[in-house]
Amino acid sequence: MKACNRYELDGEILEIPLRWDQRTQAYVEDYGDYIDQPAYTPAGRPILLTIEDACPHADMGDSPGGIDCGACRHYHQFPGSQLGVCSNEKRRRPGKQRGAAGTRKEEPI
Ligand code: SF4
């Protein structure tokens, strides 16, 4: 079985592969597939890395100089991951229903 972290987002299971990082001497998530091919929850919400460039619909609130999704009020990052979901209705893919937040489940390495 390939090592991965498993997240449940709005009813969709996402499996993020893990790779060994020599510098930190720990397993880290490999986001390659999510950078090349962004995913959406079944509710149509984009699943993004915290370091994605902020879009024109960002709400930086108390961090007006924020430049990435991680600083936006619409972004909900999952503990222990650099992934999160954007809850901004303007970024939701049309034709989908509203959904709930996600949870994380770890697979044994
Ligand atoms: S979290 Fe959503 S609204 Fe905020 S900058 Fe990222 S894509 Fe835009």
Side-chain angles (χ1 to χ4, degrees):
M1 175 190 310
K2 188 172 182 180
C4 66
N5 281 345
R6 184 177 290 180
Y7 298 89
E8 183 179 344
L9 302 168
D10 293 348
E12 180 176 358
I13 303 296
L14 301 174
E15 290 189 343
I16 310 299
L18 300 176
R19 65 172 171 77
W20 181 255
D21 183 70
Q22 288 291 343
R23 187 177 58 81
T24 60
Q25 293 291 298
Y27 283 96
V28 296
E29 292 182 335
D30 183 352
Y31 301 115
D33 290 347
Y34 287 87
I35 295 171
D36 297 339
Q37 189 173 7
Y40 287 81
T41 71
R45 300 191 188 288
I47 300 165
L48 304 163
L49 284 168
T50 184
I51 57 170
E52 300 259 359
D53 290 340
C55 77
H57 307 295
D59 177 356
M60 294 301 176
D62 296 334
S63 304
I67 60 170
D68 55 31
C69 288
C72 178
R73 286 183 169 178
H74 297 291
Y75 188 71
H76 304 282
Q77 188 172 343
F78 296 99
S81 176
Q82 296 298 308
L83 286 175
V85 174
C86 170
S87 63
N88 189 333
E89 286 296 316
K90 293 177 181 170
R91 292 299 312 271
R92 191 155 66 95
R93 204 161 52 178
K96 300 289 184 173
Q97 302 300 309
R98 297 187 73 124
T103 57
R104 175 182 176 190
K105 298 174 183 173
E106 286 190 31
E107 288 287 312
I109 294 174

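Order of listing sets the numbers, starting from 1, for every ligand and every atom in it. What you see is a predicted model, and the numbers here were worked out from it, not measured in a lab. Throughout, numbering of the chain's residues begins at 1 and tracks the sequence.
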| query | Would Glu29 and Tyr31 count as having a side-chain donor-acceptor pair, cut-off 3.5 Å? | reply | yes

Check your understanding: Honestly curious: do Leu49 and Val28 fall in one hydrophobic cluster under the side-chain, below-4.5 Å linking rule?
Key -> no

dist Glu52:CD -> Ile67:CD1 (nearest 0.5 Å) comes out at 12.5 Å

**Asked** Under a single-linkage definition using a 4.5 Å side-chain heavy-atom cutoff for Ile, Leu, Val, Met, Phe, Trp and Tyr, are Tyr7 and Ile47 assigned to the same hydrophobic cluster?
**Response** yes

Under 4.0 Å between heavy atoms, the region of Leu48 that gets near ligand 1 turns out to be side chain

Applying salt bridge (charged side-chain N to carboxylate O under 4.0 Å, His left out) to Arg19 and not counting sequence neighbours gives Asp21

Output for pair (His74 NE2, Arg45 CZ), nearest 0.5 Å, gives 10.5 Å

Here atom 8 (Fe) of ligand 1 sees protein N, O or S atoms within less than 2.8 Å, and their number is 1

